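For the numbers below, each heavy atom of this structure counts, side chains included, while hydrogens, waters and symmetry mates do not. This is a predicted model, so every value here is computed, not measured. Naming: A, B, ... by sequence-line order, numbering from 1 per chain.
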Number of protein chains: 2
Amino acid sequence: MKPISDKVIGRLARYRTLLTEQVPEGRTHLFSYEIAAAMRLADSQVRRDLMAVGTRGVPQHGYEIEALKARLDDALALDRAHGVAVVGAGDLGRALIAFLEARRTTLAIRAAFDVDPAKVNRVFSGVKCHAMADLEKVVAAEGITLAILCVPAAAAQPAADALVHAGIRGVLNFAPVALRLPVQVALEELVITTYLEKLAYFTTHPAKERRNGRHDAR
Amino acid sequence: MKPISDKVIGRLARYRTLLTEQVPEGRTHLFSYEIAAAMRLADSQVRRDLMAVGTRGVPQHGYEIEALKARLDDALALDRAHGVAVVGAGDLGRALIAFLEARRTTLAIRAAFDVDPAKVNRVFSGVKCHAMADLEKVVAAEGITLAILCVPAAAAQPAADALVHAGIRGVLNFAPVALRLPVQVALEELVITTYLEKLAYFTTHPAKERRNGRHDAR
DNA sequence: TAGATTGTTAATCGATTAACAATC
DNA sequence: TAGATTGTTAATCGATTAACAATC
């Protein structure tokens, strides 16, 4: 399969969520324009995206939901397990553990890490918290490839360096810091205040000025 | 000022965070290529973005940090206060309250809401939790314009409808649901699993395939 | 069949980058 | 001054949309 752009992957993940969380009652198939309407996209874009992962629809019938879900799972590599670590077991980190463990998928949180000795060896929502010193050992032992970084800004870059050293392949960063990572390590920035600030701007300016898609992740 | 695109606003917010959180020791000015390097952008893009908000740099000296921060605050409407509500006081909602209240800015959380009677009237990190039934009253009384939506998927659309009815201007959505909102209400989708799924894909495929910016939001 | 919807190409659009004259 | 960096335009690039023949 040809390289698929970041943008397309983001939309494919959203299609998958839509199919999982919001399938209209009693439907087995969906038309491209229905998916498009739910996400405020053009129908040709939906067809084009689905084409990129080799899905086939049928004129007059649309796309079969179960087959499409299976195809998306496969394309997004969600048919295999991915080990996830949460680094920083503060309020946000613990909330993310609880939130993500509640919806068990192939993305499973296998460990938490914190510098605070009071948190080490505690178990949060079924996930054990380890000392940062044990990062490399635990990452290897648990087969962890992804990390969610929820430490304070000042601790983010050192923690990221430690993660890279431990062989992590992707980082989801919540700290308000522009991380420097080797290019081969995937990075998603998810700085909540950035999103709030965007909202503040767009609610303060006429709606007309909102030029682009409402999404991102993006 | 001309309309500024969603993409540019997102980067401006990130420049602002960089200037606030990561100013190199003892510097009063920064060059466009320094800002660009920190964010993995082209230097001409930084200059272009700053031009959009009317900032002037000086050849040989770069951009004055304090003046630039002030200009960005003004452009992003962060010089005024914005009232924020957190809807859904579960683990994630309460963590966001604690997280955002710790970094008091002009984006201040003025109220939380939940359907659970056990949570109503409790105070989380200094923020009072109200019944959903009181949404409209409290939003008006507290001058709330933005909402952070952290309710379960099934409750998201009804909650969003109630927020719109109460006159909210922008919604930051954490629920894994494609919300339908009137176009004049700004919407940012921040579905954490979507980001994790993107990471899973990019860590499973050769780094070379990563075509685009590492960010989004945005 | 006729009509609706897909798959796919071509056209458009917007965003990014390169280039360089202006400037300090 | 000379050289480095800005402001800004033009060129490139990629993403989105429109269009329509193929198809069920």
Side-chain angles (χ1 to χ4, degrees), chain A residues 1-15 27-65 67-68 71 75 198 208-218, chain B residues 1-15 27-65 67-68 71 75 198 208-218:
Chain A
M1 195 173 310
K2 290 138 234 158
I4 303 181
S5 79
D6 188 89
K7 284 252 170 99
V8 174
I9 292 298
R11 282 195 301 266
L12 291 174
R14 294 205 295 141
Y15 299 154
R27 300 290 300 276
T28 59
H29 291 67
L30 285 179
F31 296 124
S32 59
Y33 64 79
E34 293 177 303
I35 298 173
M39 310 244 205
R40 300 173 186 265
L41 300 171
D43 57 344
S44 55
Q45 175 149 80
V46 172
R47 294 198 297 277
R48 193 179 237 275
D49 289 343
L50 296 183
M51 222 175 55
V53 290
T55 318
R56 310 292 302 186
V58 179
Q60 304 276 48
H61 292 264
Y63 298 85
E64 206 216 317
I65 293 167
L68 179 49
R71 191 69 205 80
K198 286 178 72 174
K208 229 172 242 155
E209 299 193 7
R210 189 101 207 234
R211 300 294 308 135
N212 280 310
R214 304 169 136 258
H215 189 69
D216 285 2
R218 298 193 114 142
Chain B
M1 196 173 310
K2 290 136 232 157
I4 304 181
S5 80
D6 188 88
K7 285 252 170 98
V8 174
I9 292 298
R11 284 196 300 267
L12 291 174
R14 294 206 295 141
Y15 299 153
R27 300 289 301 273
T28 59
H29 291 67
L30 285 179
F31 296 124
S32 59
Y33 64 79
E34 293 178 301
I35 299 172
M39 310 244 205
R40 301 173 184 267
L41 300 171
D43 57 343
S44 55
Q45 176 149 80
V46 173
R47 294 197 297 276
R48 195 177 235 276
D49 289 342
L50 296 184
M51 223 174 56
V53 289
T55 317
R56 310 293 303 188
V58 178
Q60 305 274 50
H61 293 264
Y63 298 84
E64 206 216 318
I65 293 167
L68 179 50
R71 190 70 205 80
K198 286 178 71 174
K208 229 171 243 156
E209 298 194 9
R210 189 99 206 237
R211 300 295 308 134
N212 280 313
R214 302 170 138 260
H215 188 68
D216 282 3
R218 73 287 290 87

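In this structure, CD1 of B:I4 is placed 16 Å from P of C:dG14, rounded to the nearest angstrom. At whole-Å resolution of the value, CZ in A:R11 and P in D:dA15 are 9 Å apart. Spacing between atom CG of B:D6 and atom P of D:dA15 amounts to 16 Å, rounded to whole angstrom units. Rounded to whole Å, the distance from CD on B:Q45 to C1' on C:dA15 is 8 Å.
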Q. Which letter, B, S or -, goes with each nucleotide of nucleotides 1-9 of chain C from 5' to 3', with contact meaning a protein heavy atom under 4.0 Å?
A. --BBBBBBB
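Considering CG of B:L68 and CG of B:L30, their distance stands at 8.0 Å, rounded to 0.5 Å. We find the CD-CE distance between A:Q45 and A:M39 to be 10.5 Å, quoted to the nearest 0.5 Å. The CZ atom of B:R48 lies 13.5 Å from the CG atom of B:L41; values are rounded to the nearest 0.5 Å.
Looking at heavy atoms from C-beta onward, A:F31 lies out of side-chain contact with A:R47 at the 4.5 angstrom threshold. Here the side chains of B:S5 and B:V8 are in contact, with some heavy-atom distance below 4.5 Å.
Across all their heavy atoms, B:H29 and B:G62 have their closest contact at CD2-O, 4.3 Å. Of all non-hydrogen atoms in A:R27 and A:I65, the two that sit nearest each other are O-CD1, 3.5 Å.
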Return all side-chain donor-acceptor pairs below 3.5 angstrom for residues 49-59 of chain A, not counting sequence neighbours, or 'none' if the list is empty.
{"residue": "A:D49", "atom": "OD1", "partner": "A:R11", "partner atom": "NH2", "Å": "3.1"}
{"residue": "A:D49", "atom": "OD2", "partner": "A:R11", "partner atom": "NE", "Å": "2.7"}
{"residue": "A:D49", "atom": "OD2", "partner": "A:R11", "partner atom": "NH2", "Å": "3.4"}
{"residue": "A:D49", "atom": "OD2", "partner": "A:Y15", "partner atom": "OH", "Å": "2.6"}
{"residue": "A:T55", "atom": "OG1", "partner": "A:L50", "partner atom": "O", "Å": "3.2"}

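Paired runs in DNA chain C that reach 3 or more consecutive Watson-Crick or G-U pairs, where each pair keeps both distances under 3.5 Å, cover C:3-24 with D:3-24.
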